[in-house]
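To start, the structure under review is shown below, and the notes come after it.
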2 protein chains.
Amino acid sequence: MTTVYSISELAQEFKVTPRTIRFYEEKGLLSPGRKGSVRVFSSADRIRLKLILRGKLIGFSLDESRDIIDLYEPETTNNRQLESLLDKISEKQLQLEQQKKEINTMLKDLKKTEAICLSALSQR
Amino acid sequence: MTTVYSISELAQEFKVTPRTIRFYEEKGLLSPGRKGSVRVFSSADRIRLKLILRGKLIGFSLDESRDIIDLYEPETTNNRQLESLLDKISEKQLQLEQQKKEINTMLKDLKKTEAICLSALSQR
DNA sequence: ATTTTGCTTTACGTTAACGTAAACGTAAGC
DNA sequence: GCTTACGTTTACGTTAACGTAAAGCAAAAT
């Protein structure tokens with residue numbers, strides 16, 4: 001008995017609206033099952049939604065998130081495709097490393113500003 | 001003799017269009033000087049632009065970027081303001097740390113997929 | 001039995017972040 | 001003196017990512 005979710009269950013869990021989830025389906029980022037006309041989400045669908053939202057959080061567009069998610073599910077079978085997939089993975093890794101650097105820079109700058117504030121406060 | 005920049009110089013350097021820079025001014029994220037009607041950008045303006053774009057890269061909206069940039073330039077003078085500023089800084093730091101975590105998770109997942117691809121390739 | 005709850009589709013509206021085009025000014029080069 | 005390059009303002013257009021509202025079906029609760 002595999003776990004399934006309704007649209008509103010997932011919406012609640014991830015603090016988005018059902019509209020958002022339907023929109024993701026419309027855009028081809030999700031393809032839940034159907035029981036009649038009603039959407040039925042599997043755990044795999046849930047994970048995909050999680051990945052989409054994670055991507056969103058770190059500034060990826062839905063298209064970019066789809067790219068990444070597709071990387072995780074290689075239905076790719078021949079070597080040429082596998083190699084192009086590896087290329088894309090490397091590219092995404094570089095991009096993510098770059099973002100980490102930017103974040104670290106920002107954190108440093110914030111620490112500086114924080115220190116200035118603190119010394120200003122301690123000085124009355 | 002302090003360095004100044006034209007709009008197209010900055011546009012070229014940061015690979016954006018002049019329109020983008022004007023838009024940022026319109027939104028209050030930049031306020032370059034003027035020589036007649038012509039915009040004149042200082043090094044400080046250049047830095048601000050850099051910060052805006054850095055924010056963009058890691059998924060901040062322009063409003064969020066403005067918030068962060070304003071943190072760096074505390075014209076804040078009284079203690080209450082300084083303390084609220086410190087709060088905001090802490091908040092942003094948390095947010096950035098969170099993003100780093102998400103990025104690391106993604107990187108791990110990508111490594112997994114990469115390994116799968118590689119083993120699939122080595123197996124013929 | 002009927003009201004409520006939750007889901008569906010369809011469709012128009014909205015906001016952010018610019019793009020694009022028009023119409024004009026000005027200073028430099030030929 | 002005219003063109004070319006670079007700047008300006010004004011204004012309408014565009015795309016992504018949903019919001020919102022209408023109209024309807026279907027199961028569950030009263």
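Keep in mind that this is a model prediction, so the values were computed, not measured. Chain A is the first sequence line, chain B the second, and so forth, proteins listed ahead of strands; every chain is numbered from 1.
A close approach under 4.0 Å does not occur between any side-chain nitrogen or oxygen of A:Ser37 and OP1 or OP2 of D:dA26. Taking side-chain N and O atoms only, A:Arg39 has a distance below 4.0 Å to OP1 or OP2 of C:dT8.
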Distance-only check: which donor-acceptor pairs under 3.5 Å involve side-chain atoms of residues 48-56 of chain A, not counting sequence neighbours?
from    : atom 1 : to       : atom 2 : distance (Å)
A:Arg48 : NE     : A:Leu29  : O      : 3.1
A:Arg48 : NH1    : A:Glu73  : OE1    : 2.7
A:Arg48 : NH1    : A:Glu73  : OE2    : 3.2
A:Arg48 : NH2    : A:Leu29  : O      : 3.2
A:Arg54 : NH1    : B:Glu102 : OE1    : 3.2

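Both tests pass for A:Lys92 against the ring of A:Phe60: distance under 6.0 Å to the centre and angle within 45° of the axis.
In this structure, CZ of B:Arg34 is placed 13 Å from P of D:dG7, rounded to the nearest angstrom. A straight line from NZ of B:Lys35 to C1' of D:dT8 spans 15 Å, rounded to a whole angstrom. The interatomic distance linking B:Leu10 (CG) with D:dG7 (P) rounds to 10 Å, in whole Å. Note: CD1 (B:Ile7) to C1' (D:dA5) measures 15 Å, nearest angstrom. The interatomic distance linking A:Glu26 (CD) with C:dT10 (C1') rounds to 10 Å, in whole Å.
Taking CD of A:Glu97 as the reference point, atom CD of A:Gln99 lies at 10.5 Å (rounded to 0.5 Å). Atom CD1 of B:Ile89 sits about 12.5 Å away from atom CG of B:Leu94, to the nearest 0.5 Å.
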Sequence-aligned protein contact record of nucleotides 12-25 of chain D, with B where the base is within under 4.0 Å of a protein heavy atom and S where only the sugar-phosphate is: -----BBBB-----
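When the shell of 6.0 Å around CD of B:Gln12 is examined, it contains 12 or fewer heavy atoms from other residues, nucleotides or ligands.
Residues satisfying the side-chain contact (heavy atoms from CB on, under 4.5 Å) test with A:Lys101, not counting sequence neighbours, are A:Gln98.
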